[in-house]
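Here is the structure we will look at.
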Amino acid sequence: MPVTADHRLEADRLAKLEAIAALGVDPWGRRFDGAQPIADVRALPITDDPMTGPEVRAAGRIFTHRKMGKIRFLDLVDRSGRIQVMVGQKQVDETSWAVAEQCDLGDLLAVVGRLGTTKAGELTIFAQTIQYQGKALLPHPDKWSGIEDTEFALRHRYLDFIYDPELRAKAVKRVQLLQFIRTWLAGRGFLEVETPVLQAIAGGAAARPFKTHHNALDIPLFLRIALELPLKKLLVAGFERVFEMSRVFRNEGISPKHNPEFTMLELYEAHGDYETMMELTESLIVGCVQTLGQGLEVEYGDVRVAFPPPWRRAAYGDLFREFVGVEMMDTDGVAQQARSLGIEPAGKDHDVLVHLLFEHKVEGHLHGPIFVFDYPAALCPLTKRKAGDPRLAERFELYVNNMELANAYTELNDPITQEATFRRQLAGLPEEESMAKMDDEFVKALKYGMPPAGGMGMGIDRLVMLLTNSQTIREVILFPLLRPELK
RNA sequence: GGGGACGUAGCUCAACUGGCAGAGCAGCGGACUUUUAAUCCGUAGGUUCAGGGUUCGAGUCCCUGCGUCCCCA
């Protein structure tokens, strides 16, 4: 099928594609066995004479080239590094030279040759044969300035990874972190499970869900906004230690810290509580920091975050008193403080006001890492009340650099209280910000007996941001959501 | 949702107060067997995001829309 060129530059490259095909060479390449990572090639011992150097095989993309008559130097890049290749008309076979003459920046190439240095001292593969591995029909970005335009980069993410090595490195670090977390949790006896993404009731968090429809059943369904409820059903089911690290979806704004789909880790440990979760969370994150091999002091923007344990633990109420200046249980004091911030207290639940004040006046001080524990109970419908003080819930949030990184509870396993908290809609809280969504199926599961448990949830994207010094969530997501371009 | 900035050649960017749309890289043709952003000679490449308006004249000013980014809620 003929390919049509949308642009003169594409037409130039199509002509070369045809020229390569005319040589009897498949312009889209074929299997090439034994390619050594370029970084490994670079580490090989060499001799003074390139003719006696080690024979190497490499495959990659043409990044730059310098043509000098009947000889050309090109820089080949693969996942591991970059190396110069010399292709001379007298040094390679006829077909290889003919192919080399049709090469453009961005094309894919495999090369067999001997490793040595040029007169200028550059480590070089002196090609004996080259195998064409594919054409770039569209011109790649400028070889030195790369991609500057954010929109172009986002719409051509695959190019962004080529021309922004830091972005690529972050993607690799993300994979390392996910692998570490999985291995670490498995080592502690946690079973990784997969629970439904499509749910009849999107519970477990306060967020607006994406809505879809199942045709055969003719029912509305939602994409999950959290992992919590099915995982707790698995505690009822007797799995005892489970985790899931996967996508959740929230139909809300996009910002430097929010992508509509993001990766959440949630884990549940039967017979634990929020204090066991603090220990677990601390060890897990310390392990994450160490696995990237950068020490326990991490640069983030213009601040340093110190992760050596133990981390500070502070009661929500104590922080509230310190930074708001009134007791969090002081109804009049809280209302007065709210008014001074321009928040009208009438018609709002006391605990809603408390948390608004907390967000305004306390969060900015939480450089962390710091565990903030014992939250106002009304905000926590899925959390066990504190022994001896039902106004508080056994919940903590881990703050690092003023950002909520993890959230954990002593899980509420009492179905009677659970049903009551599901039914209690807090005044002053928009419905999409409420976690109280009646879920009879979940309450029923609790009625069969869920063991006491600690549970923890962590935003993986935020963790990766923090540990890779990324200021936006886009930098740690392979393909961030973007409005499609209208044409 | 509100406010601000931006959108020019394939890429990176110029174009003064409104006055002939330009450069580097990439491309095309040529010279060159040791280059390192190779160099040199020549050449081509534009719906200035889209639509409307003001003006003798608009990339530039005004309006609307689209898109991206930033700040705020």
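Proteins come first, then strands; the chains are lettered A, B, ... in the order of their sequence lines, and each starts at number 1.
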Got a donor-acceptor pair under 3.5 Å from the side chain of Gln89(A) to the base of U33(B)? no

Using only modelled atom types and a 3.5 angstrom limit, is any donor from either the side chain of Thr150(A) or the base of U68(B) paired with an acceptor on the other? no

Sugar-phosphate only, base, or nothing, as touched by [X] at under 4.0 Å among non-hydrogen atoms:
X: Arg155(A); answer: sugar-phosphate
X: Leu154(A); answer: sugar-phosphate
X: Gly253(A); answer: nothing
X: Asp149(A); answer: sugar-phosphate

Name the closest nucleotide to the [X] side chain, picking from [options].
X: Thr64(A); options: A38(B), G27(B), U35(B); result: A38(B)
X: Glu148(A); options: U12(B), U35(B), G27(B); result: U12(B)
X: Lys90(A); options: G27(B), U33(B), U35(B); result: U33(B)
X: Asp142(A); options: G45(B), C70(B), C25(B); result: C25(B)

For the [atom1] atoms, the ones on [N] and on [M], what distance do you get once it is rounded to whole angstrom?
N: A37(B); M: G24(B); atom1: C1'; value: 10 Å
N: A38(B); M: G45(B); atom1: P; value: 26 Å
N: U55(B); M: U43(B); atom1: P; value: 42 Å
N: G30(B); M: G67(B); atom1: C1'; value: 43 Å
N: A58(B); M: A15(B); atom1: C1'; value: 13 Å

Under 3.5 Å side-chain donor-acceptor pair for Asn469(A) and Gln471(A): yes

Could you check whether Arg224(A) pairs with Glu261(A) (Lys NZ or Arg NE/NH1/NH2 to Asp/Glu carboxylate O, under 4.0 Å)? no

Using atom CG of Asp107(A) as one end and atom P of G10(B) as the other, report the distance to the nearest whole Å. 19 Å

Just by modelled atom types, is the Ile38(A) backbone N or O under 3.5 Å from a matching donor or acceptor in the Asp78(A) side chain? yes

